[in-house]
S.K.: 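Structure incoming, see below.
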Amino acid sequence: MSTETLPVYTKKDFQTDQEVRWCPGCGDYAILSAVQSVFPELGIPKEKFVIVSGIGCSSRFPYYMNTYGFHSIHGRAPAVATGVKIAHPELEVWVATGDGDSLSIGGNHTIHMLRRNVGIKVLMFNNRIYGLTKGQYSPTSEIGKKSKSTPFGSADRPFYPLSLALGADATFVARSVDVFQPHLKATVKRAAAHKGSSFIEIMQNCNIFNDGAWESLTEKEVREDHIIAIEHGKPLIFGKNKDKGIRMNGLELEVVQLGNGIAEKDLIVHDEKNHNPAYAFLLSRMDSTPGFPTPIGVLRAVDAPRYEDRIAEQIREVTAKRGKGDLAKLLRQGDTWEVK
Amino acid sequence: MGTITQSPPRKSKKREVLEKAVIRFCGDSGDGIQVTGNQFTNTVALYGNDLATFPDYPAEIRAPKGTLPGVSGFQVHFGSTEIYTPGDAVDALVAMNPAALKMNLTELKKNGILIVNVDNFGAGDLKKAQMASNPLEDHTLDAYRVFPVELMKLTSAALKELGLDAKSVDRCKNFFALGMCYWLYNRPMESTFRWIEDKFKAKPQLIEANKLAMKAGYAYCEATEAFQVSYEIPPAKLAPGLYRNISGNTALALGFVAASQQAGIPLFLGSYPITPASDVLHELSMYKDFGVVTFQAEDEIAAVTSAIGASYAGSLGITTTSGPGMALKTEALGLAVAVELPLVICDIQRGGPSTGLPTKTEQADLLQALYGRNSEAPIPVLAASSPGDCFWVALEASRIALKYMVPVIVLSDGYLANGAEPWRVPQPSELPSIPVHFTTDARGFMPYSRDPKTLARPWAIPGTPGLEHRIGGIEKQDVTGNINYEPLNHEKMCRLRAAKVEAVAQEIPEVVPAGDPSGELLIVGWGSTYGPITAAMKLKRAKGHKIGHVHLRYLNPLPKNLGEVLKRYKKILVPEMNMGQLVMVLRAKYLVDAQGYDKIQGKPFGTSEMAAKIKEVLQ
């Protein structure tokens with residue numbers, strides 16, 4: 001479609017008349033606002049967008065976007081979306097999901113969608129808690145989490161969502177934060193431009209059941225020491241004074257103080273195009289070691305054929321070889337006999 | 001089209017004409033029994049006999065060689081008159097080893113033909129079959145016409161010029177046996193030759209080997225003194241037309257391709273491999289030139305939800321499974337009911353519960369299909385009654401799904417899926433038209449407005465400008481489709497969804513009983529019991545009893561006049577391969593004293609047991 005014929009959209013065009021039913025102060029509002037701001041800028045006709053969701057607070061997202069929307073069942077959004085995308089590859093299919101929806105009940109669909117590289121963009125709202133069922137721990141809750149269902153602390157080790165996505169060989173893996181609007185918008189835009197599966201973990205606050213889930217990272221005073229915003233082609237530098245960096249030491253990452261003989265050139269220069277997912281995997285869980293920052297930005301963005309294109313291609317190839325199927329011929333294929 | 005070639009000229013052996021015959025091949029699951037049975041079936045079908053088959057194989061791919069659990073069987077009933085079932089008692093049994101003999105001998109008629117591969121009757125073979133003594137020597141087989149054949153030695157001798165390894169030679173012995181059976185029933189070998197040529201086209205040596213083995217088997221019967229009589233079963237008088245032999249799963253797959261063509265929209269199958277449904281996935285994966293998409297999903301849930309997604313985007317979404325997979329799809333079926341999208345779900349039933357009897361047949365998922373969902377979630381349910389009928393049921397289910405914007409369940413079973421029968425190939429003009437309308441007009445568009453006659457909501461697919469809307473599993477307001485939790489709206493929506501399913505009854509044909517329109521006994525069946533009920537009723541009516549037979553294709557909604565028909569008979573008998581599911585529905589809905597006749601053995605009813613039951617009920 002040529003861009004000349006496209007209407008000029010504004011944020012308003014992507015808002016619905018539905019009353020938004022998230023709790024006041026919920027991080028979901030910020031995500032909704034960011035997405036409603038980005039969509040008009042993508043140069044895509046509004047009717048091409050389909051937002052599919054599962055169950056949970058995040059999964060109410062489609063009702064508030066004035067696009068095609070499908071609020072499905074718990075965990076199954078990636079599978080519904082896969083069906084939509086295969087049937088109609090030119091649609092822009094997005095999935096809004098949460099940590100419980102995508103990593104617990106729907107974990108299987110998430111990894112298989114990513115493995116296949118179906119052209120679906122996943123916005124995974126990670127608040128490390130079950131909100132809609134009122135406060136049970138989630139698969140991303142920290143070990144020892146006290147919640148309604150774990151009054152003495154949870155015994156589960158949490159998932160690192162980005163590690164999981166990379167383990168499934170996802171071709172686009174990124175992270176952003178609900179309250180970092182410019183960063184979030186830029187990341188959503190990058191995801192939109194990616195051809196295959198895009199997976200964004202959005203660190204999101206649930207002010208009712210897990211308030212301050214990300215505070216230790218996102219508070220103004222600490223964020224520059226605790227978060228590293230990575231960019232392709234730039235060295236891994238962080239800290240209030242931009243004086244800390246990350247370098248390779250054997251097969252491990254190492255935080256170093258710049259100066260005293262350690263210069264920028266000794267640091268890792270971020271390469272999101274690295275085809276080996278091992279590098280991005282190291283980044284995705286470096287904050288499991290004390291002293292390491294949490295990375296935000298695009299960890300991995302590599303090109304790979306999309307699943308739906310391969311399916312369509314196979315249909316084209318077979319049809320070109322055999323000609324368009326003839327039903328009458330099909331029904332009488334093989335050995336037949338005539339009864340007079 | 002196949003041509004019927006004359007049998008090779010033969011010496012002066014006797015040839016008897018029979019009306020019908022039942023032959024069963026049995027051996028190890030690695031002996032090629034299913035291939036042998038299928039080839040014999042194709043050949044008799046091409047000859048023009050009516051037939052029914054019963055493949056019966058273990059769930060294990062290769063159970064330990066020579067053991068009882070490893071026995072695979074294939075039964076063919078063929079005749080010059082109408083054949084309704086694979087047959088109760090076997091006229092000719094081909095047993096490749098002691099285990100196969102032990103497992104199948106009880107089904108052989110007294111004085112029946114028994115071809116035994118004696119090369120497999122060593123002490124070790126007998127031990128594996130848990131036989132204390134050799135049945136070939138201990139008079140166990142005195143009541144039968146036994147033909148001991150050194151199958152391996154003879155095959156090996158026939159192939160000795162080819163220089164094949166021992167394993168390859170051994171794999172040809174089933175074709176030696178098949179050649180013998182072709183002689184015994186005077187059947188030409190050409191169609192099997194063609195199959196061999198195609199199957200082994202990359203290995204010319206195996207083409208020659210298998211053909212040689214088959215010809216040697218044929219010649220052996222011709223030459224040996226032991227075989228003095230062969231049999232002739234003339235072609236059946238079927239309705240005129242072009243015929244092919246078809247299995248239920250193939251028919252089902254073709255039915256969906258036809259539905260997609262008639263509707264003019266692409267077919268999307270989301271499926272996860274499961275016995276006995278996988279062949280539908282295999283079959284449909286071949287038809288890319290018809291635009292068919294087959295998606296082998298990561299699990300049963302993704303299989304159905306991807307199909308729902310595809311339907312949402314304008315395809316004919318279908319999913320195929322068996323009972324355990326059906327259980328996993330349950331929540332998604334509720335979603336399909338709530339979002340009111342077309343979808344066809346095929347449950348090829350097998351023995352249960354749980355993993356149950358994966359390769360055996362049963363009809364015990366009826367209540368699951370009718371009611372197995374949370375809350376009020378009615379779904380139309382259709383059942384196929386014969387392998388060929390699967391084609392028509394697939395078409396009809398698709399038509400209903402697309403016309404009423406509902407999920408529809410199709411029930412088949414392991415017996416229909418793998419069994420085969422001659423099928424008259426329909427002309428394209430005989431296929432129903434399936435009009436599909438995608439809404440494009442944005443004026444006054446409401447996602448849950450309804451067609452007054454069908455109560456279907458509009459199908460507005462993504463990509464259509466101006467019709468952006470949201471659907472989902474959460475309760476919706478009538479007409480607008482907005483989220484709504486109001487009590488009266490919920491009741492209204494539940495009743496609307498039910499009324500939509502009931503509306504299907506307005507166009508399904510009224511029930512016309514086969515046999516007598518009123519009288520002593522009405523037999524009500526559904527699904528694959530059609531054959532044995534029909535055959536048994538025929539026997540009993542021939543003795544002067546007034547019996548009718550209603551075979552229900554539509555199990556939800558039920559035909560409008562069924563209640564009235566039930567009341568025309570003194571007694572009602574409902575045979576089912578379960579513990580009485582349809583009979584419960586009929587008793588509840590119509591307050592009639594219907595009685596059940598249940599069989600839960602993983603195998604179909606036989607004609608004689610059915611006839612005996614009818615006799616008992618009539619007394």
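Note that the structure is predicted; figures quoted are calculated from it, not measured.
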S.K.: If you round to the nearest 0.5 Å, how far is CZ of A/Arg332 from CH2 of B/Trp423?
M.R.: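 Here the rounded value is 11.5 Å.
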
S.K.: Given a strict heavy-atom distance threshold of 4.5 Å, which part of B/Val292 is in contact with chain A: side chain, backbone, both, or neither?
M.R.: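 Only the backbone of B/Val292 comes within 4.5 Å of chain A.
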
S.K.: State, yes or no, whether a side-chain contact exists between B/Leu341 and A/Phe70 at a heavy-atom distance under 4.5 Å.
M.R.: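 When only atoms from C-beta onward are counted, A/Phe70 and B/Leu341 do touch, with a gap below 4.5 Å.
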
S.K.: Does any backbone or side-chain atom of B/Ala239 lie under 4.5 Å from a heavy atom of chain A? Answer side chain, backbone, both or neither.
M.R.: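 The backbone, not the side chain.
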
S.K.: Quick one: of A/His74, A/His112, A/Lys85, who has the most non-hydrogen atom pairs under 4.5 Å with chain B?
M.R.: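 When all of A/His74, A/His112, A/Lys85 are compared, A/His112 has the most.
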
S.K.: If you look at every heavy atom in B/Pro462 and A/Val50, which pair is closest and at what distance?
M.R.: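 What the structure gives for the nearest pair is CB-CG2, 3.4 Å.
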
S.K.: Could you tell me if the side chain of B/Pro465 sits less than 4.5 Å from the side chain of A/Glu47, heavy atoms only?
M.R.: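 Yes, their side chains come closer than 4.5 Å.
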
S.K.: Answer with side chain, backbone, both or neither: which region of B/Ile265 has an atom nearer than 4.5 Å to a non-hydrogen atom of chain A?
M.R.: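 Neither part; nothing is under 4.5 Å.
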
S.K.: Report the option among A/Met113, A/Arg115, A/Glu92, A/Arg21 that has the most heavy-atom pairs separated by less than 4.5 Å from atoms of chain B.
M.R.: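 That would be A/Arg21.
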
S.K.: Side-chain contact, heavy-atom cut-off 4.5 Å: A/Gln18 with B/Asn482?
M.R.: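 Answer yes - side chains close enough.
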
S.K.: Taking every non-hydrogen pair under 4.5 Å, which of A/Lys321, A/Gln314, A/Glu317 racks up the most with chain B?
M.R.: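 Looking at each of A/Lys321, A/Gln314, A/Glu317 in turn, A/Gln314 comes out on top.
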
S.K.: Would you say B/Arg470 and A/His71 make side-chain contact, with heavy atoms under 4.5 Å?
M.R.: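 With C-beta onward as the side chain, the pair stays apart.
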
S.K.: Please step through salt bridge (charged side-chain N to carboxylate O under 4.0 Å, His left out) for the pair A/Asp335 and B/Arg194, ending with a clear verdict.
M.R.: CA-CA 10 Å; A/Asp335 287 334; B/Arg194 284 198 299 275; 3.4 Å; yes

S.K.: What residue in B/Ser315, B/Ala45, B/Gly472 has the most heavy-atom pairs under 4.5 Å with chain A?
M.R.: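 Highest number of pairs under 4.5 Å: B/Ala45.
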
S.K.: Could you have a look at A/Ala79, A/Gly323, A/Ala312 and say which one has the most heavy-atom pairs with chain B under 4.5 angstrom?
M.R.: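 Top count of heavy-atom pairs under 4.5 Å with chain B: A/Ala79.
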
S.K.: Answer with side chain, backbone, both or neither: which region of B/Glu298 has an atom nearer than 4.5 Å to a non-hydrogen atom of chain A?
M.R.: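 It is both, since atoms from each part get that close.
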
S.K.: Can you tell me how far the OG1 atom of A/Thr336 sits from the CG atom of B/Asn245, to the nearest 0.5 Å?
M.R.: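 A/Thr336 OG1 to B/Asn245 CG: 11.5 Å, rounded to 0.5 Å.
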
S.K.: What's the separation between atom CG in B/Asp289 and atom CG in A/Asp326, rounded to the nearest 0.5 Å?
M.R.: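 Separation between the atoms: 10.0 Å.
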
S.K.: Under 30°, 30 to 60°, or over 60°: which ring-plane class applies to A/Trp337 and B/Tyr243, parallel, tilted or perpendicular?
M.R.: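 It falls in the parallel class, under 30°.
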
S.K.: Quick check on the interface: out of A/Gln333, A/Met65, A/Lys324, who has the most heavy-atom pairs with chain B under 4.5 Å?
M.R.: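 Heavy-atom pair counts peak at A/Gln333.
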
S.K.: For the residue pair B/Tyr312 and A/Val52, establish whether any side-chain heavy-atom pair is separated by less than 4.5 Å.
M.R.: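 No, too far: nothing below the 4.5 Å cut-off.
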
S.K.: Quick check for you: among A/Ile86, A/Ile311, A/Ile111, which has the greatest number of heavy-atom pairs under 4.5 Å with chain B?
M.R.: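 Looking at each option in turn, the highest pair count goes to A/Ile86.
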
S.K.: Would you call A/Thr82 and B/Phe295 a side-chain contact if the rule is heavy atoms closer than 4.5 Å?
M.R.: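 SC-SC contact between A/Thr82 and B/Phe295 confirmed.
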
S.K.: Identify which of B/Ile308, B/Thr294, B/Val293, B/Asp299 forms the greatest number of heavy-atom pairs closer than 4.5 Å to chain A.
M.R.: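 Most pairs with chain A among the choices: B/Asp299.
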
S.K.: With no hydrogens and no angle check, is any side-chain donor or acceptor of A/Arg76 less than 3.5 Å from a backbone partner on B/Ser306?
M.R.: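 Not a single qualifying donor-acceptor pair exists.
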
S.K.: If only atom types and distance count, is the side chain of A/Tyr68 paired as donor or acceptor with the main-chain N or O of B/Thr464 below 3.5 Å?
M.R.: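 Between the backbone of B/Thr464 and the side chain of A/Tyr68 there is a qualifying donor-acceptor contact (under 3.5 Å).
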
S.K.: Are the side chains of B/Ile301 and A/His109 in touch, meaning some heavy atoms are under 4.5 Å apart?
M.R.: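 They are in side-chain contact.
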
S.K.: Check whether any side-chain N or O of B/Arg244 sits under 3.5 Å from a backbone N or O of A/Leu331 as a donor-acceptor pair, and report yes or no.
M.R.: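 Indeed, once roles are kept as given, a pair shorter than 3.5 Å links the two residues.
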
S.K.: Which bit of B/Gln262 comes within less than 4.5 Å of chain A, counting heavy atoms only: side chain, backbone, both or neither?
M.R.: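 For B/Gln262, the contact with chain A is made by the side chain alone.
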
S.K.: Does the side chain of A/Arg60 come within less than 4.5 Å of B/Ile483's, by heavy atoms?
M.R.: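 Answer yes - side chains close enough.
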
S.K.: Which value, rounded to the nearest 0.5 Å, describes the distance between A/Tyr63 atom OH and B/Ile474 atom CD1?
M.R.: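 Here the interatomic distance stands at 5.0 Å.
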
S.K.: Would A/Lys48 and B/Glu468 count as a salt bridge (charged side-chain N to carboxylate O under 4.0 Å, His left out) if you check the C-alpha gap in whole Å, the side-chain angles of each, and the deciding distance to 0.1 Å?
M.R.: CA-CA 9 Å; A/Lys48 297 276 185 199; B/Glu468 294 85 358; over 6 Å; no

